[in-house]
**Student:** 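I have a structure I would like to understand better, so I am pasting it below and will then ask my questions one at a time.
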2 protein chains.
Amino acid sequence: LISLSDIRKTYEMGQTQVRALDGVSLEILKGDYLAVMGPSGSGKSTLMNLIGCLDTPTSGSYLLKSREISTLGDDELARIRNREIGFVFQTFNLLPRADALQNVELPLVYSGMSRRDRRERARRALEAVGLGDRMGHRPNEMSGGQRQRVAIARALVNEPSILLADEPTGNLDSRTGEEIMALIDRLHREGNTIILVTHEDDLAKKAERVIRLLDGKIVSDSRNGGA
Amino acid sequence: LISLSDIRKTYEMGQTQVRALDGVSLEILKGDYLAVMGPSGSGKSTLMNLIGCLDTPTSGSYLLKSREISTLGDDELARIRNREIGFVFQTFNLLPRADALQNVELPLVYSGMSRRDRRERARRALEAVGLGDRMGHRPNEMSGGQRQRVAIARALVNEPSILLADEPTGNLDSRTGEEIMALIDRLHREGNTIILVTHEDDLAKKAERVIRLLDGKIVSDSRNGGA
Ligand SMILES: Nc1ncnc2c1ncn2[C@@H]1O[C@H](COP(=O)(O)OP(=O)(O)OP(=O)(O)O)[C@@H](O)[C@H]1O
Ligand SMILES: Nc1ncnc2c1ncn2[C@@H]1O[C@H](COP(=O)(O)OP(=O)(O)OP(=O)(O)O)[C@@H](O)[C@H]1O
Ligand SMILES: [Mg+2]
Ligand SMILES: [Mg+2]
């Protein structure tokens, strides 16, 4: 499904060069459940943004369903993102002047669904993350963990075939976090592909495979014992 | 040091009323190390903002060093915040167009320190959180955990007598998180007061006392066995 080959992402900062990704090669099959771990600053979010077609590599090749992503134009990338990929951002990226329902509806706007059906789907996605009573709240009228859950609901509302979740439970208490992981688990059981960035070993254990980044490189790639 | 008496914070949302804090009374002594826990949306950040003089209660009394905070004007609140309190926000609240060094320097601007001394102090605070090589980076040129660490360095740079840290390690791997907790620990050993919001039991164990919120009320308040 996803094939990364010697991917590099470099930032020029005056005299120095920051190598956010320094030669990453990775194969991900349809239906995989992959956890990405590594220290702060090791390149996890950069990797996610590249896989999610939100950014392009400095060099290297990225094949998504056998199509070379690094050569596609903005419109085509936007279409792939909207149809195939659900993304939970580490910094949520919600629209500040829209309420929770409008934020979650957004990915469905391009789907050709009627307004009524969109609202119904968005409502159910918010209820699934425990925010049935916060639909009319805007982001600054919600707690940190509530905003995170709106971001999660928005990523799931389109039933994406690839879910990229960048530390989706960082702002949640353990019980709410478990409810979210159960939703992600269910999406996986339905045959979808999950890539989860996490700092928590407990969450990484739920995945079938764990890769670890260090200084922009993959330093380990191992299959989990079970689940 | 801090005395909250029947504190309430209510938001009017059209027909409904959200009771973010619903009658909180709490005494905190100088030098205490308090952990605040509770589910997402239970009122933790709201409580922190009130204690940190960033917000005023709808009703109830807040005495800080025997002064009634709810009756103070903006200038006086700003002065107290700057002199006494270091705040690590759940959403970091960094200046987007300033780099890490400038962001960390900011609390020192009011202290009457020379520009050279300010820069030196800010530099050391950034080195202490492992960001010696990111001083010239702006927030959008850093990872999530790096931004969180800039927010931590900024809160510590003034050596505050009261540190309010709202989930300071949510975006950090465990090793980096431990380094941050060691800094907070040291601040506490120097006689300062620490209030830490966290979702992680391991971190709450380091505190001497744990209070739990649920639906805007304190439901438990217990002293830890040790450390
Ligand atoms: N401006 C506002 N208007 C309406 N409701 C608000 C507003 N700000 C916060 N709330 C509500 O107040 C409650 C408490 O919010 P708070 O941010 O204190 O929660 P929290 O315990 O910090 O949660 P988390 O662990 O998710 O960060 C939440 O249910 C939230 O929806
Ligand atoms: N626009 C940029 N310019 C310069 N350096 C950048 C830029 N964006 C990211 N970086 C650097 O690239 C490295 C990787 O960043 P990335 O966000 O992928 O880390 P991460 O593994 O997600 O970290 P965290 O766990 O803290 O979220 C970091 O050291 C960061 O400082
Ligand atoms: Mg990241
Ligand atoms: Mg909060």
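Everything numeric here is computed off the predicted structure, so don't read it as measured data. Chain identifiers are assigned alphabetically (A, B, ...) following the order of the sequence lines, protein sequences preceding nucleic acid strands; residue numbering begins at 1 within each chain.
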**Student:** Could you tell me whether A:Arg81 atom CZ has more than 12 heavy atoms of other residues or ligands within 6.0 Å of it?
**Tutor:**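 Count over threshold, so yes.
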**Student:** Could you have a look at B:Gly170, B:Gly43, B:Ser42 and say which one has the most heavy-atom pairs with chain A under 4.5 angstrom?
**Tutor:**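 When all of B:Gly170, B:Gly43, B:Ser42 are compared, B:Gly170 has the most.
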**Student:** Identify which part of A:Glu141 has an atom lying under 4.5 Å from any heavy atom of chain B, answering side chain, backbone, both or neither.
**Tutor:**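 Contact with chain B is through the side chain of A:Glu141 alone.
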**Student:** Taking side chain as everything from C-beta outward and backbone as N, CA, C, O, which of these in A:Thr91 sits under 4.5 Å from a heavy atom of chain B? Side chain, backbone, both or neither.
**Tutor:**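 Contact with chain B is through the side chain of A:Thr91 alone.
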**Student:** Against chain A, label B:Gln146 side chain, backbone, both or neither, depending on which of its atoms sit under 4.5 Å from a heavy atom there.
**Tutor:**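 Both parts, heavy atoms under 4.5 Å.
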**Student:** Mind listing the closest non-hydrogen atom pair of B:Val18 and A:His137 along with its distance?
**Tutor:**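 Heavy atoms of B:Val18 and A:His137 come nearest at CG2-CE1, 3.8 Å.
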**Student:** For the atom pair OG (B:Ser143) and CD (A:Gln90), what is the distance rounded to the nearest 0.5 Å?
**Tutor:**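 Those atoms lie 6.5 Å apart.
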**Student:** Which residue is it: B:Gln148, B:Arg175, B:Arg149? I am looking for the one with a side-chain hydrogen bond (donor to acceptor under 3.5 Å, both in side chains) to A:Ser40.
**Tutor:**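 Result: among B:Gln148, B:Arg175, B:Arg149, B:Arg149 is the only option passing the side-chain hydrogen bond (donor to acceptor under 3.5 Å, both in side chains) with A:Ser40.
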**Student:** Spell out, as yes or no, whether a donor-acceptor pair under 3.5 Å connects the side chain of A:Asp173 to the backbone of B:Gly38.
**Tutor:**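 No, the answer is negative, given that no donor and acceptor are paired below the 3.5 Å cut-off.
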**Student:** In this structure, are over 12 heavy atoms from other groups packed under 6.0 Å from B:Asp75 atom CG?
**Tutor:**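 Open.
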**Student:** Atom CZ of residue position B:Arg8 - does it have more than 12 heavy atoms of other residues, nucleotides or ligands inside 6.0 Å?
**Tutor:**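 Yes, the 6.0 Å shell around CZ holds more than 12 heavy atoms from other groups.
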**Student:** Look at atom CG of B:Asn140 and say whether more than 12 heavy atoms of other residues, nucleotides or ligands are closer to it than 6.0 Å.
**Tutor:**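 Atom CG in B:Asn140 is packed in, count exceeds 12.
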**Student:** Between B:His199 and A:Asn171, what is the shortest heavy-atom contact and its length?
**Tutor:**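 It is NE2-O, 3.1 Å.
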**Student:** Tell me whether A:Asp221 at atom CG has more than 12 heavy atoms from other residues, nucleotides or ligands lying less than 6.0 Å away.
**Tutor:**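 Above 12, so yes.
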